[in-house]
Amino acid sequence: MSETNEPALKKIKAAAAESVVDTDKTSSSSSTAAPTDNDIVGHEVNDQGEEFFDLTGKKRFTVRKWKGKVLLDIREFYESNGEMKPGKKGISLNLEQYKILKNLVKSGSIDALVKKHGGGDV
């Protein structure tokens, strides 16, 4: 990354972090009841009991716990002996990182960059 882009990146991160704080404050006044399986549309459960969404055949978005922390994992899978196994290619986000990403999606910033780079409307 060039030095000229660093201040812009810092502004984006700060704005996203502020919106995380604002979102957390407003959501605390809403119901704190845990969602049920009826609230979660389109998810599956793997052999280890981890819940995931199939993105495109061999890519999954998995919500899981590791060492007592909730992680959101986007990963490629491969088939071995009729069983789907996680590959090395992927990323795990902690809750703070996920909230920043979620707010960037909600704000339209990511869609705007996709469009700017020729990805059309998403």
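- Residues Ile74 and Trp66 fall into different hydrophobic clusters, defined by Ile, Leu, Val, Met, Phe, Trp and Tyr side chains chained together at heavy-atom separations under 4.5 Å.
- Val122 and Phe53 fall within a single hydrophobic cluster, where Ile, Leu, Val, Met, Phe, Trp and Tyr side chains are chained together by heavy-atom contacts under 4.5 Å.
- Two residues are said to be in side-chain contact when any heavy atoms from C-beta on lie closer than 4.5 Å; Ser92 and Gln97 fail this criterion.
- A pairwise comparison of heavy atoms in Pro86 and Arg75 identifies CB-CD, 3.7 Å as the closest pair.
- Residue pairs satisfying the salt bridge (charged side-chain N to carboxylate O under 4.0 Å, His left out) criterion with at least one member in residues 76-89, sequence neighbours excluded, are listed as follows: Lys59-Glu76.
- Every side-chain contact (heavy atoms from CB on, under 4.5 Å) that Lys115 has, sequence neighbours left out, goes to Asp121.
- Under the 4.5 Å side-chain heavy-atom criterion for grouping Ile, Leu, Val, Met, Phe, Trp and Tyr, Phe52 is not connected to Leu101 through any hydrophobic cluster.
- Hydrophobic clustering (side-chain heavy atoms under 4.5 Å, transitive across Ile, Leu, Val, Met, Phe, Trp, Tyr) keeps Val45 apart from Leu72.
- Arg60 contributes atom CZ, which lies 6.0 Å from atom CG of Asn46 (distance to the nearest 0.5 angstrom).
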I'd like to know whether Phe61 forms a side chain to side chain contact (heavy atoms under 4.5 Å, CB included) with Asp73, so could you lay out the CA-CA distance, the side-chain angles of the two residues, the decisive distance to 0.1 Å, and finally the verdict. CA-CA 6 Å; Phe61 181 88; Asp73 195 57; over 6 Å; no
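- In the hydrophobic cluster analysis, where Ile, Leu, Val, Met, Phe, Trp and Tyr join through side-chain heavy atoms closer than 4.5 angstrom, Tyr98 is grouped together with Ile91.
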Going through the checks in order, is the side chain to side chain contact (heavy atoms under 4.5 Å, CB included) test met by Thr62 and Glu50? CA-CA 7 Å; Thr62 305; Glu50 298 171 332; 3.9 Å; yes
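- Within the model, atoms NZ of Lys99 and CG of Asn94 stand 10.0 Å from one another, a figure rounded to the nearest 0.5 Å.
- The main-chain N or O of Ile100 is never found under 3.5 Å from a side-chain atom of Asn103 such that the two would form a donor-acceptor pair.
- To the nearest 0.5 Å, atoms CE (Met84) and NZ (Lys58) are separated by 6.0 Å.
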